[in-house]
Amino acid sequence: MKRAYVETQFAFSDSAKLQLVQAAVAKAEALDLKIAVSLASPSGEVVAFVKMHGALLVSVEMSEIKARSAAGLGIDAEVTEKMLDSFPLRVRDGLLRTKSVCLVRGGLPIFYKGALVGGMGVSGGTEEQDLECARESLCSVPDFSTRPI
């Protein structure tokens with residue numbers, strides 16, 4: 001059996017990054033919100049970011065944490081919360097002390113052709129508004145979804 005030393009994986013194109021961020025900002029403007037938007041790779045690296053003028057500083061960090069959590073786990077905050085509810089309290093507490101797990105809604109994993117390519121985090125509105133901006137953004141790019149197909 002031949003051993004593989006290099007794996008290839010999908011990554012966001014620059015065009016996709018711009019389109020995702022612009023669509024989230026457009027939705028935020030329609031909702032009269034000031035948001036921060038982050039895109040993260042599955043390894044947690046923030047690969048795109050925008051802070052709208054007037055967005056709060058805390059929204060910057062929250063958008064990054066939401067994006068990292070969605071990208072690193074491949075699930076949204078609602079599913080993460082249900083999963084953590086089955087863990088012992090010490091494990092749940094330990095995971096939530098990291099900047100890699102977030103239970104605040106507004107982050108979504110992004111899949112392309114069944115492969116996890118990253119996550120998006122939006123912060124600046126209510127949890128529902130942040131999710132609305134993220135979902136609208138994902139709909140702007142063909143073949144992106146929040147679940148593996």
Side-chain angles (χ1 to χ4, degrees), residues 7-87 91-149:
E7 293 182 8
T8 59
Q9 66 183 45
F10 293 114
F12 294 115
S13 69
D14 291 337
S15 296
K17 289 183 245 183
L18 287 170
Q19 190 166 337
L20 287 165
V21 170
Q22 287 175 332
V25 167
K27 183 62 179 180
E29 288 173 339
L31 296 172
D32 198 28
L33 299 174
K34 304 296 183 190
I35 63 168
V37 184
S38 295
L39 294 176
S41 69
S43 65
E45 176 188 8
V46 174
V47 295
F49 170 78
V50 167
K51 177 186 177 283
M52 293 176 68
H53 181 74
L56 299 175
L57 179 60
V58 69
S59 295
V60 172
E61 186 174 5
M62 286 305 301
S63 74
E64 292 174 1
I65 294 169
K66 290 176 183 184
R68 281 192 188 104
S69 181
L73 298 174
I75 53 178
D76 63 31
E78 186 176 351
V79 176
T80 302
E81 186 169 31
K82 289 176 184 170
M83 180 184 70
L84 289 180
D85 283 344
S86 68
F87 290 8
V91 174
R92 179 184 167 95
D93 287 349
L95 290 171
L96 291 175
R97 290 176 194 268
T98 72
K99 291 191 175 189
S100 300
V101 178
C102 182
L103 300 184
V104 181
R105 309 312 193 256
L108 294 173
I110 303 173
F111 291 87
Y112 175 75
K113 295 186 177 183
L116 181 66
V117 293
M120 168 180 267
V122 176
S123 184
T126 65
E127 289 178 299
E128 293 77 20
Q129 290 170 325
D130 291 350
L131 272 173
E132 191 175 347
C133 292
R135 285 188 182 115
E136 181 98 1
S137 175
L138 261 64
C139 289
S140 76
V141 179
D143 300 322
F144 278 7
S145 69
T146 60
R147 306 224 185 278
I149 298 171

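Residue numbers run from 1 in the order of the sequence given.
Qualifying side chain to side chain donor-acceptor pair (under 3.5 Å) partners for S123, counting only residues two or more places apart in sequence or in other chains: none. Listed by chain and number, the residues in a side chain to side chain donor-acceptor pair (under 3.5 Å) with E132 are K27 (sequence neighbours excluded). Every ring pair (Phe, Tyr, Trp, His ring centres under 6.0 Å) that F10 has, sequence neighbours left out, goes to Y112. Checked against salt bridge (Lys or Arg N to Asp or Glu O under 4.0 Å), K99 has the following partners two or more places apart in sequence or in another chain: E61.
The distance from atom CG of L20 to atom OG of S15, rounded to the nearest 0.5 Å, is 10.5 Å. Taking CG from L73 and CG from L116, the interatomic distance works out to 9.5 Å, rounded to the nearest 0.5 Å. Note that the CZ atom of R92 and the CG atom of L103 stand 5.5 Å from one another [nearest 0.5 Å]. Distance CE/M62 to CG/D130: 8.5 Å, rounded to 0.5 Å.
The two atoms that bring G119 and A70 nearest to each other are CA-CB, 4.3 Å, heavy atoms only. In terms of heavy atoms, A77 sits closest to V104 at CB-O, 3.7 Å. Summarising the geometry of A67 relative to S38, their closest heavy-atom pair is CB-O, 3.5 Å, with the distance given to 0.1 Å.
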With a 3.5 Å cut-off and sequence neighbours excluded, list the donor-acceptor pairs that the side chains of residues 42-52 form with protein atoms.
residue	atom	partner	partner atom	Å
S43	OG	S41	OG	2.9
K51	NZ	A55	O	3.1

For residues 139-149, which side-chain donor-acceptor pairs fall under 3.5 Å, sequence neighbours excluded?
residue	atom	partner	partner atom	Å
S140	OG	S137	O	2.6
S145	OG	R147	O	2.7

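Between S63 and I35 the shortest side-chain heavy-atom distance does not fall below 4.5 Å. Contact of the V122 side chain with the K66 side chain is not registered, since no non-hydrogen atoms from C-beta on lie closer than 4.5 Å.
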message: Pair V21, K17 - check side chain to side chain contact (heavy atoms under 4.5 Å, CB included), show working.
response: CA-CA 6 Å; V21 170; K17 289 183 245 183; 5.6 Å; no
- prompt: After noting the C-alpha distance and the side-chain angles of V37 and M120, does the key distance pass the side chain to side chain contact (heavy atoms under 4.5 Å, CB included) rule?
  reply: CA-CA 7 Å; V37 184; M120 168 180 267; 4.0 Å; yes
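Summarising the local packing, NZ of K34 is surrounded by 12 or fewer heavy atoms from other residues, nucleotides or ligands at distances under 6.0 Å. Atom CG of D85 is surrounded by more than 12 heavy atoms from other residues, nucleotides or ligands within 6.0 Å.
Judged by distance alone, with hydrogens and angles left aside, the side-chain atoms of D76 form no donor-acceptor pair with the main-chain N or O of L108 at under 3.5 Å. For the pair T98 (side chain) and L95 (backbone), a donor-acceptor distance under 3.5 Å is present.
We find that R105 and E81 are joined by a salt bridge, their nearest charged nitrogen and carboxylate oxygen being less than 4.0 Å apart.
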